[in-house]
Amino acid sequence: DYKGATIVTPKLDGAAVSLLYIEGKLHRALTRGDGTRGIDITHLMKYLVPVVILPHASAVQITGEVVAPKTIKNSRNYAAGALNLKDPIEFQERTLKFIAYGVQPSMSKDLTTDLEMLANNTFATVIQSDWHEYPDDGLVFRVDNYVDFNRMGYTSHHPRGAYALKVIQKGVETRLIDVIWNVGKSGVVAPTAILEPIEIDGARISRATLHNMRYITDLRLEIGCMVEVIRSGEIIPKIVRRVD
């Protein structure tokens with residue numbers, strides 16, 4: 001068991017953004033995109049984050065989440081959609097906040113100190129508040145010290161020095177009316193559930209992806225049965241179980 005300092009922060013549920021500062025000036029802002037290549041949104045983010053910070057290195061990357069208040073309907077989609085806007089004026093009219101949770105390269109020996117330094121540069125950070133006014137889907141537990149964090153290494157998916165405790169999302173019950181099969185662009189045949197229409201977080205849901213036949217079998221799905229549906233990531237409708 002690890003005996004060193006750990007930090008617990010909210011796992012904010014918005015749109016991930018990376019900011020690149022060169023010699024203390026905002027050079028580029030990118031969305032997460034497909035995980036490999038993001039969309040350049042520098043023309044928008046310059047209205048939401050500091051354009052100039054005190055440099056500690058020739059180049060520094062600050063990662064964080066753009067979020068919108070829970071009081072806004074479909075707040076996650078609202079925040080993500082704002083990053084696709086072409087008009088900076090319309091972007092500035094949105095109620096948004098950038099909350100930082102990471103810095104590379106590190107400026108000190110631990111993440112807490114780095115985030116405090118960002119706060120001194122007028123950034124909002126995950127350690128300043130619990131940020132309950134913004135949507136989240138759990139908590140992140142992380143080793144604070146960078147040396148210990150890096151020593152623990154990585155799995156094929158995530159660092160061993162951090163893990164997320166996600167909140168189990170409560171779904172909405174409805175009836176499975178039918179299953180149709182569609183051929184995708186790659187030639188793969190995939191099933192889609194046809195549901196009695198329901199509303200989840202303000203969105204009307206009448207279909208859900210079923211992935212494959214194994215997924216249908218494992219959930220014991222039959223035409224006419226009752227099912228529980230969530231919006232995975234508040235976007236994609238997903239059947240999570242059969243309701244007997």
### Query
Hey, mind stepping through Asp136 and Lys11 against salt bridge (charged side-chain N to carboxylate O under 4.0 Å, His left out) and telling me if it holds?
CA-CA 5 Å; Asp136 69 76; Lys11 188 176 183 299; over 6 Å; no

### Message
Just to verify, what does Asp87 make a salt bridge (charged side-chain N to carboxylate O under 4.0 Å, His left out) with, not counting sequence neighbours?
### Response
none

### Task
Quick one: closest heavy-atom pair of Gly171 and Glu228, and the distance?
N-OE2, 2.9 Å

### Query
Between the main-chain N or O of Thr95 and the side-chain N or O of Tyr78, is there a donor-acceptor pair closer than 3.5 Å?
yes

### Task
On the 0 to 90° scale, with breaks at 30° and 60°, tag the Tyr215-His211 ring pair as parallel, tilted or perpendicular.
perpendicular

#### Entry: More than 12 heavy atoms of other groups within 6.0 Å of Gln104 CD
no

### Message
Using every non-hydrogen atom in the two residues, find where Pro69 and Ser75 come nearest and quote the distance to one decimal.
### Response
O-CB, 3.2 Å

### Query
Can you say whether the rings of Phe123 and Tyr21 are parallel (under 30°), tilted (30 to 60°) or perpendicular (over 60°)?
perpendicular

### Task
Mark yes when over 12 heavy atoms from residues, nucleotides or ligands other than Arg175 sit less than 6.0 Å from its CZ; otherwise mark no.
yes

### Query
Can Tyr146 and Asp114 be counted as having a side-chain donor-acceptor contact under 3.5 angstrom?
yes

### salt bridge (Lys or Arg N to Asp or Glu O under 4.0 Å) contacts touching residues 144-154 (sequence neighbours left out)
Asp148-Arg151

### Task
Any salt bridge (Lys or Arg N to Asp or Glu O under 4.0 Å) involving residues 40-50? Give me the pairs, sequence neighbours left out, ordered by first then second residue.
Arg28-Asp40

